[in-house]
Amino acid sequence: MSTEENPAAAPRSLAEALRGRDDVSLAALLRSRPDLITPVPTDLTQLATRAGTRASVVRALERLDRFTLQTAQALAIAPDPATYAELLGLMAGDDGDPAVSAALPHALGTLRAQALVWGGDDRLRLVRTARELLAPSPQHPSPTGLGPTVREAGAGISPGRVQEILATAGLPSTHDSVSALNALAGLFDDPERMSALLDQAPSESVEVLERLVWGPPYGQVTADPAPRLRWLLDRGLLLPTAPGTVVLPREVALRLRAGRAHRTTEPVPPPVESAAAHRPQLVDATAAGQAYTALATVEELLKDWHEGGPAVLRAGGLSVRDLKRTAVALDVPEPVAAFWVELAYAAGLLASDGEADERYAATPAYDEWREGPAGERWARLATAWLAATRTPGLVGERDAKDRTLSALGPGLDRSAAPEVRHRVLALLAGLPEGAAPDSGSLLARLRWERPPRADRTGGGAPSPYARRTTAQPAEGTRGVAARAGGPGAPGYPTDGASGAGGEDDLRSRLARWTLAEAEMLGVTGRGALSSHGRALIGAPPAPRHADTRTEPAGPGDKLPVHHRQTPVPPALSPAEQATAAAAAGRLLDPLLPEPLDHVLLQADLTAVAPGPLERPLADMLGVLADVESKGGATVYRFTPASVRRALDAGQSAADLHAFLTAHSRTPVPQPLAYLIDDVARRHGHLRVGAASSYVRCDDDAVLNEILADKRAAGLGLRRLAPTVLAARTDPAALLEGLRAMGFAPAAESAEGDVLIARADAYRTPPRTPPEPVPDGPPVPDDTLLAAAIRAVRAGDLASTAPRRPVAGAADTAPGELPRTTAAETLAGLQAAVLTNDTLWIGYVNAEGGASQRVIAPIRVEGGFVTAYDHTADEVRTYPLHRITGVAELGE
């Protein structure tokens with residue numbers, strides 16, 4: 001039965017409206033606004049109070065789509081309470097709009113579900129805080145472009161002037177200003193009388209109204225207004241609000257707008273258009289190639305930092321110089337290098353070592369990650385990317401204190417990043433298989449789902465829903481001037497526009513970064529979502545559209561808009577995300593190239609790897625040779641330095657010859673064999689140790705050659721014996737200096753043994769990946785929701801149930817704890833045990849927190865009462881000395 005048929009059933013407050021909801025509806029409210037149960041409210045009255053706080057309402061408004069937000073803005077300028085017909089008139093206008101009429105029930109249902117609107121269709125009420133935030137005022141302009149009502153604008157006008165306006169407008173005089181303003185508002189609300197009044201207006205006066213009708217509604221006038229303005233002022237079509245300032249009353253603007261609160265309504269979300277289409281097999285192959293490159297890039301990055309990477313800045317993060325060096329090493333631009341560094345950090349593969357001279361290095365988890373299957377390794381990277389709040393695209397920009405944001409440094413967290421990434425991929429999943437989106441339509445859809453702040457507040461104000469107005473001349477001293485702070489002013493988008501901010505809108509920038517990062521990571525291929533990308537977000541298989549062509553005619557070739565797109569998948573829980581990532585890895589594995597166990601040696605001291613190599617082969621070849629070029633085939637070059645590096649790692653010449661013979665499909669070229677033998681013959685001929693450091697050699701002629709070389713001057717060498725030289729520099733510097741002179745020294749231990757250098761010896765202590773910065777309280781799971789709703793309903797029962805005080809107890813005001821003496825409390829509990837009654841008690845816990853509870857006592861003994869607690873839905877035991885009093889529940 002509706003509230004029109006049963007007015008007594010109409011709720012009188014938001015708390016009463018919440019009491020009428022079932023558990024499913026309350027769970028949906030708490031899931032969409034998780035801040036309402038942090039902590040769990042004691043009853044529904046407290047829940048309603050919390051739902052009306054400014055911070056909570058602002059947060060809820062920020063998560064409305066454009067049309068639902070427009071509906072809330074229309075309710076803010078409607079009468080309080082408003083009927084559904086009045087709201088529909090404001091949204092669809094006098095002429096009606098079928099699309100608006102069809103979409104309005106869903107928008108209103110969303111506002112009701114989120115406790116922003118309550119009441120039946122005959123008495124719709126916007127939560128007071130939301131009305132204060134959205135209602136237009138000089139300090140808080142509304143995107144509707146409307147001004148105050150006649151009653152609000154005319155409150156400061158003298159009674160005599162109000163009567164003059166009535167007489168000029170052709171209305172009878174009244175006894176007071178209130179009734180006079182009501183009569184004037186009635187004139188403006190009457191379509192026929194209003195049309196007759198405007199028919200008498202000079203054309204110049206009508207032009208002034210047309211300039212103000214869609215906002216801003218404020219204007220400036222001189223002390224002696226022009227005749228066209230005087231005509232409007234004398235009839236109340238413009239009302240003064242301050243010296244030199246006038247406003248177009250809301251009723252007049254609505255009548256001129258044909259009843260519409262918004263110039264443009266957007267009841268239907270804009271579709272995501274397809275810019276190009278490719279064969280699904282081509283998309284998957286391209287994405288798989290990008291995924292393989294991503295794995296190789298992360299491995300190359302961390303291999304370069306095996307022995308300890310760049311130093312950590314004092315303020316945290318990577319220096320600009322080190323980021324440039326990393327970009328050169330990876331052969332990518334600096335922003336791309338920042339992405340790979342941040343991705344490895346988010347996946348827990350990279351961290352700082354925490355030492356006094358803090359440096360970045362691979363973590364122990366990196367070694368475990370390297371040994372896993374390729375699909376599993378990619379899934380770990382992709383999952384970390386989806387959930388990370390750190391935003392590499394911000395690297396190089398300035399923070400609020402004008403400090404440069406650095407890679408791996410503070411200030412890169414943006415809590416909206418995970419939600420935007422998932423939403424972008426979900427919208428891609430709604431396109432036909434192999435379809436790449438048009439970025440403009442994708443951004444338009446995101447802006448519709450979450451309008452920029454300018455659309456919500458009426459301007460780019462620093463604080464939510466607040467902006468000061470500033471004068472802006474338009475007609476000089478001759479007439480009305482537009483006033484900033486409303487639609488139409490510079491920096492203030494007109495109603496229905498996409499909003500200020502454009503490139504500066506964070507969500508749009510996050511969406512653009514998501515498209516680029518997804519392509520680099522291999523989630524998409526040629527702009528279209530891959531099959532393993534769909535599995536990553538838990539999306540169903542894509543539809544195949546009859547109009548989808550295999551290849552576009554050109555880069556600008558667009559496909560028809562798909563109005564019936566696949567519904568986008570919802571966000572996944574952590575457990576569901578882990579399952580989806582594993583499935584994505586399994587789909588990707590067959591698409592990746594099989595590792596090879598051979599290379600092709602060439603006579604120019606190079607080796608060609610025609611594809612990815614098996615890990616032991618790649619690791620050994622990476623020590624023995626330098627990478628000269630990458631691509632479909634990797635080219636390695638053998639140099640004396642690279643061969644010496646392999647010998648330093650503990651290999652002998654015979655080992656190297658055997659390795660190359662076993663893994664080359666071509667014979668080992670003679671120049672390469674000569675190179676290995678020549679370097680090995682001289683390797684270890686010199687020995688370097690610590691004295692500060694020393695050089696020893698059995699051939700004193702070699703030491704004489706070193707002493708005679710001018711390049712050795714900086715080493716501080718002196719002869720200790722015919723076969724020993726001492727140096728002032730440390731062993732590492734001495735090794736580098738001698739190698740720069742063309743020698744091949746080997747380091748030795750204190751026992752005189754040759755030290756073997758391992759390139760992958762250094763790791764950080766165990767580190768956990770960085771935790772994403774949540775965007776407010778986490779969404780509660782079903783178990784927590786059920787417990788919270790049970791506790792709230794029980795607490796509400798305790799606070800609202802009619803009570804009969806125990807004999808002799810003092811009267812208890814609503815909301816207060818019952819107060820009885822110890823004897824009365826004991827007697828009431830014992831009686832309830834005998835009669836199986838339910839009691840209302842006040843209880844103070846060990847921390848001093850007071851609460852109301854409804855219990856059914858089972859037994860009273862030893863200073864404790866054991867009872868079934870309806871609030872907690874379980875049997876509990878309470879100390880009698882902590883019970884403030886008892887009261888019986890009424891019928």
Which value, rounded to the nearest 0.5 Å, describes the distance between Asn836 atom CG and Thr838 atom OG1?
9.0 Å
Under a 3.5 Å distance rule, please check whether Arg66 uses its side chain to pair with a backbone N or O of Arg447 as donor and acceptor.
yes
Could you walk me through whether Arg882 and Asn845 pass side-chain hydrogen bond (donor to acceptor under 3.5 Å, both in side chains), step by step?
CA-CA 7 Å; Arg882 294 194 178 278; Asn845 60 22; over 6 Å; no
Non-hydrogen atoms of Leu111 and Ala72 that approach each other most closely:
CD1-N, 3.9 Å
Could you please spell out the steps behind the side chain to side chain contact (heavy atoms under 4.5 Å, CB included) verdict for Asp65 and Thr110?
CA-CA 10 Å; Asp65 61 61; Thr110 300; 5.7 Å; no
Can I get a per-line list of side-chain donor-acceptor pairs under 3.5 Å for residues 764-772, giving both atom names and the distance, sequence neighbours left out?
| from | atom 1 | to | atom 2 | distance (Å) |
| --- | --- | --- | --- | --- |
| Arg767 | NE | Ser352 | O | 3.1 |
| Arg767 | NH2 | Ser352 | O | 3.2 |
| Arg767 | NH2 | Asp353 | O | 3.1 |

At what distance, to the nearest 0.5 angstrom, does OG1 of Thr83 lie from CG of Asp121?
9.0 Å
So, the side chain of Gln577 versus the backbone of Ile537: is there a donor-acceptor pair under 3.5 Å, distance only?
no
Return yes if some donor-acceptor pair links the side-chain N/O of Arg853 with the main-chain N/O of Asp869 below 3.5 Å, else return no.
no
dist Leu536:CG -> Thr383:OG1 (nearest 0.5 Å) comes out at 5.5 Å
Which pair of non-hydrogen atoms, one from Ala51 and one from Val57, has the smallest distance, and what is that distance?
O-CG2, 3.3 Å
Could you tell me whether a side-chain N or O of Thr129 sits under 3.5 Å from a main-chain N or O of Gly52, the two making a donor and an acceptor?
yes
Quick check: does any side chain N or O of Arg421 sit under 3.5 Å from a backbone N or O of Trp385, one acting as donor and the other as acceptor?
yes
Closest approach of Thr820 and Gly885, non-hydrogen atoms and distance?
OG1-CA, 3.0 Å
Just so I know, are the side chains of Thr825 and Thr884 near enough to count as touching, which here means a heavy-atom distance under 4.5 Å?
no
Using 0.5 Å steps for rounding, measure from the CD atom of Glu449 to the CG atom of Leu64.
12.5 Å
With a 4.5 Å heavy-atom cut-off, do Tyr878 and Ile855 have their side chains touching?
yes
Atom of Pro11, atom of Trp118 and distance for their closest heavy-atom approach:
O-CZ3, 3.3 Å
Say whether, by atom type as modelled, one donor and one acceptor occur between the side chain of Ser56 and the main chain of Thr53 under 3.5 angstrom.
no
If you define the side chain from C-beta out and look only at heavy atoms, does anything of Leu386 sit under 4.5 Å from Leu425?
yes
Side-chain contact test, heavy atoms from C-beta onward, threshold under 4.5 Å: evaluate it for Leu26 versus Leu44 and give yes or no.
yes
Close side-chain approach of Glu824 to Arg819, heavy-atom, < 4.5 Å:
no
Any side-chain to backbone donor/acceptor pair from Arg125 onto Arg12? Under 3.5 Å, distance only.
no
Would you say the side chain of Phe67 lies within less than 4.5 Å of the side chain of Val100, judging by non-hydrogen atoms?
yes
Please check this pair: side chain of Arg31 against backbone of Leu785, looking for a donor-acceptor N/O pair closer than 3.5 Å.
no
As a quick check of understanding, evaluate side chain to side chain contact (heavy atoms under 4.5 Å, CB included) for Arg250 and Glu152, giving each step before the final call.
CA-CA 10 Å; Arg250 187 182 305 170; Glu152 295 168 347; 3.8 Å; yes
Rounded to the nearest 0.5 Å, what separates atom CG in Leu90 from atom OG1 in Thr144?
9.5 Å
At their closest point, which heavy atom of Asp80 faces which heavy atom of Arg131, and how far apart are they?
CB-NH2, 3.6 Å
Checking the side chain of Arg414 only, and the main-chain atoms of Thr389 only, is there a donor and an acceptor separated by less than 3.5 Å?
no
Please report the C-alpha distance between Leu61 and Leu134 in whole Å, then the side-chain angles of each, then the deciding distance to 0.1 Å, and finally whether the side chain to side chain contact (heavy atoms under 4.5 Å, CB included) criterion is met.
CA-CA 10 Å; Leu61 291 174; Leu134 299 176; 4.2 Å; yes
May I ask you to say whether Asp23 pairs ionically with Arg793, meaning some side-chain N is under 4.0 Å from a carboxylate O?
yes
Pairwise side-chain contact, Pro267 with Leu104, heavy-atom cut-off 4.5 Å (strictly under)
no
Between Arg54 and Glu132, does any NZ, NE, NH1 or NH2 come within less than 4.0 Å of an OD or OE carboxylate oxygen?
no
Rounded at 0.5 Å granularity, tell me how far CD in Gln114 sits from CG in Leu30.
11.5 Å
Can you see which heavy atom on Pro136 is nearest to which on Leu146, and at what distance?
CB-O, 3.1 Å
Go through the steps for Met91 and Thr71 under the test side chain to side chain contact (heavy atoms under 4.5 Å, CB included), then give the verdict.
CA-CA 7 Å; Met91 293 298 295; Thr71 303; 3.8 Å; yes
What residue pairs, at least two apart or across chains, pass side-chain hydrogen bond (donor to acceptor under 3.5 Å, both in side chains) with a residue in residues 855-866?
Arg859-Glu861, Thr866-Thr877
Would you call Pro777 and Arg59 a side-chain contact if the rule is heavy atoms closer than 4.5 Å?
yes
Checking the side chain of Arg50 only, and the main-chain atoms of Leu36 only, is there a donor and an acceptor separated by less than 3.5 Å?
yes
